[in-house]
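Chain letters run A, B, ... following the sequence lines, proteins first and then strands; every chain starts at 1.
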Amino acid sequence: MQSLKVGSNKSKSIEPTSKRHFFKQIFVNSGLSVIIGVLWASFVNESKNYALTIRPPGAISENNFLALCIKCGLCVEACRKAIGDRDYPLKLAKPKENKTIGAPYFVPRDNPCWMCVDVPCVPPCPTGALDKNLLYDDKGKLNINKSRMGLAVIDRETCVAFWGIQCDVCYRACPLIDKAISLEYNKNERTGKHAFLTPKVNSKFCTGCGICEKRCITEKPAIYILPTSIAMGKLGPRYIRGWDSNDEMRLKEASPDVRLPKTGRSENNPLDYLNKEGRFDE
Amino acid sequence: MSSILLKHRYSIARRMTQISIIIFYILANTYGLKLLEGNLSSSILLDTVPLSDPFAVLQIFAAGVIVSANALIGAAIIFFLYAIFLGRAFCGWVCPMNIVTDTANWIRHKLKIDIQYIIITRNTRYWILGLTLILSVILGVGAFEYISPISILHRGLIFGMGLGWTIVSAVFIFDLLILKEGFCGHICPLGAFNSLISRFSLIRVNHNANKCTQCMECVAICPEKQVLSVVTDKINSPILSGECTNCARCVEVCEDNAMKWGLRFKYRSIQTKEV
């Protein structure tokens, strides 16, 4: 059986020590590197784009998180120690779980983040993939309520509260009751004499801990956590609440192109084009 | 019996070190023992000293982000520990994959599997090391950390294996059937990195050519044969190549006391060539 020798060429007998052989080897090895590199890169690129992954509290933006996380599991160990062997949520992704291998995540329906007040999982992180600075409150203390692991989303079709059945399980389970989840009262037109008590999530307070998802009574939860970037839309600078001075601040960050759109018409003075271009009914 | 133990004293010590390190990590995760927490990528020793894998931190830097101080200090500690003192000892004394590949090699030896269809040069690992860093730059994540069978095995032992055993088996089969010392000696970029940083480390096996009878037992057993050129060339010298894993298999196999632990400059002054 003839052997396949990587990085050598037997067809022309070149001295193995010659300069030509050396360059040939580099040439062949570079080619191999390109092939392996393409396969390798495509695998890595696929596996860092599993978008529906809920990260621990204090995780920085997903892209930077994946770059920084060294996959040591110190957050997982802290979580296990704080919560106990049975209910701790954090785990490191294993192969074939369709998550980035080795990075910490949790599945709220199995075990949500139980919102430890002292946030034991964040300080041990050696690389800063979990960033304490995101969780400090005004008093300079770690505050779990400042974490943004995701955002609870309600499916109004399978949530029984929207049928008129009184279920406020998620509302009662929420650690930030009346802030992150509040109840809305509406008239039930079908019966004419009852009320809808429907849950409503406020993205300003929801930490994405997932206790609502864990407690939801339906077979597959009608309230569930999605990564915030997926759950929410993005306004962009073209739509501003003119009545809200805070919202107007966003306009300052917009590029000049957005603030003053240039079209054929806007090149001219408004008075000019109104006068020169004639009337619409002409 | 005692002679067998003596004959394998370093191999036994290496297995004990490898296994006890894994056990410490498992105890930390399962029972909260604060001796060695985390895993080989990054850990905390005795609840105070941070330790990090310098290769992983290098990849993170290549990915274009800055790690915080703990990982940096930890990586520096490990880097200097190996670069100044221990050489490439990680590969033979710590890495859990070494147990797998050594077992594969042992079975390969017992079953006399000596057909080699594929010949890959040992320098391939340096190419893969370079590729790791280039891909880390391009992809913005540590490229080897995403696929490393070492991490998958080690994490699996501590945090639950899942289907990680398939990847570990693949490495085992590769070493058993495809290429002798295939993973550790030819492919692994971490081994390549360790070889490069331990080029100037102090602790070395010394070869005494005056005692050597050229039985070549050490060359037969060495997992990185090319480092033993001092034996075939009959030179009094420490084994200076960074690719030597300091596994000391040559020391325990040598019947003539020609292989001894020592420092890198022991025989520097009397580099005599025997005729």
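Within the 4.5 Å cutoff, the side chain of Ile26(A) has heavy atoms near those of the Trp127(B) side chain. With a 4.5 Å cut-off on side-chain heavy atoms, Ile167(B) and Pro95(A) count as touching. Residues Ile70(A) and Glu145(B) fail the side-chain proximity criterion, which asks for heavy atoms closer than 4.5 Å.
The interface of residues 56-68 of chain A with chain B, defined by heavy-atom distances below 4.5 Å, comprises Asn64(A), Leu66(A), Ala67(A), Leu68(A). Proximity to chain A among residues 44-57 of chain B is limited to Ile44(B), Ala56(B), Val57(B), judged by heavy-atom separations below 4.5 angstrom.
The number of heavy atoms from other shown groups lying within 6.0 Å of CZ (Phe27(A)) does not exceed 12. Within a 6.0 Å radius of CD in Glu46(A), other residues, nucleotides and ligands contribute 12 heavy atoms or fewer. The neighbour count for Lys146(A) NZ, taken as heavy atoms of other residues, nucleotides or ligands under 6.0 Å away, is above 12.
Residue contact with chain A, scored on non-hydrogen atoms closer than 4.5 Å, is absent for Tyr31(B). In this structure, the portions of Thr132(B) lying under 4.5 Å from any heavy atom of chain A include both its backbone and its side chain. Both the backbone and the side chain of Thr30(B) come within contact range of chain A, with heavy atoms under 4.5 Å apart. The contact between Ile66(B) and chain A is made entirely by backbone atoms, counting heavy-atom distances below 4.5 Å. At a 4.5 Å heavy-atom cutoff, the contact between Leu139(B) and chain A is made by backbone and side-chain atoms alike. Contacts of Ala28(B) with chain A are made by both backbone and side-chain atoms, with heavy-atom separations under 4.5 Å. Only the side chain of Leu92(A) comes within less than 4.5 Å of a heavy atom of chain B; its backbone N, CA, C and O stay farther away. Both the backbone and the side chain of Phe144(B) come within contact range of chain A, judged by heavy atoms closer than 4.5 Å. Within the 4.5 angstrom heavy-atom criterion, only side-chain atoms of Leu135(B), from C-beta onward, approach chain A.
Between Glu37(B) and Lys81(A), at least one side-chain N (NZ, or NE/NH1/NH2) sits under 4.0 Å from a carboxylate O, which counts as a salt bridge.
Here the CG-NZ distance, from Leu163(B) to Lys94(A), works out to 9.5 Å after rounding to the nearest 0.5 Å. Cys72(A) SG to Phe159(B) CZ: the interatomic distance, rounded to the nearest 0.5 Å, is 7.5 Å. Atom OG1 in Thr100(A) sits 4.5 Å away from atom OH in Tyr146(B) (nearest 0.5 Å). For the atom pair CG (Leu131(B)) and CD1 (Ile36(A)), the distance works out to 7.0 Å, reported to the nearest 0.5 Å. With rounding to the nearest 0.5 angstrom, the CD1 atom of Ile120(B) is 10.0 Å from the CG atom of Asn29(A). Taken from CD in Gln25(A) to CG in Asn123(B), the straight-line distance is 7.5 Å, to the nearest 0.5 Å.
Under a 3.5 Å cut-off, the side chain of Asn39(B) and the backbone N or O of Lys71(A) do form a donor-acceptor pair. Distance alone, capped at 3.5 Å, is enough to place a donor-acceptor pair between the Ser68(B) side chain and the Thr127(A) backbone. Looking only at distances, a side-chain donor or acceptor of Trp40(A) sits under 3.5 Å from a matching main-chain atom of Ala143(B).
Ranking Ile158(B), Ile147(B), Ile128(B) against chain A, the residue ahead of the rest is Ile147(B), based on heavy-atom pairs under 4.5 Å. Here Ile60(B) is the residue among Ile138(B), Ile60(B), Asn70(B) with the most heavy-atom pairs under 4.5 Å with chain A. Heavy-atom pairs under 4.5 Å with chain A were tallied for Ser151(B), Gly160(B), Gly140(B); the largest tally goes to Gly160(B). Taking Ser30(A), Ala103(A), Cys69(A) one by one and counting their heavy-atom pairs under 4.5 Å with chain B, the maximum is reached by Ser30(A).
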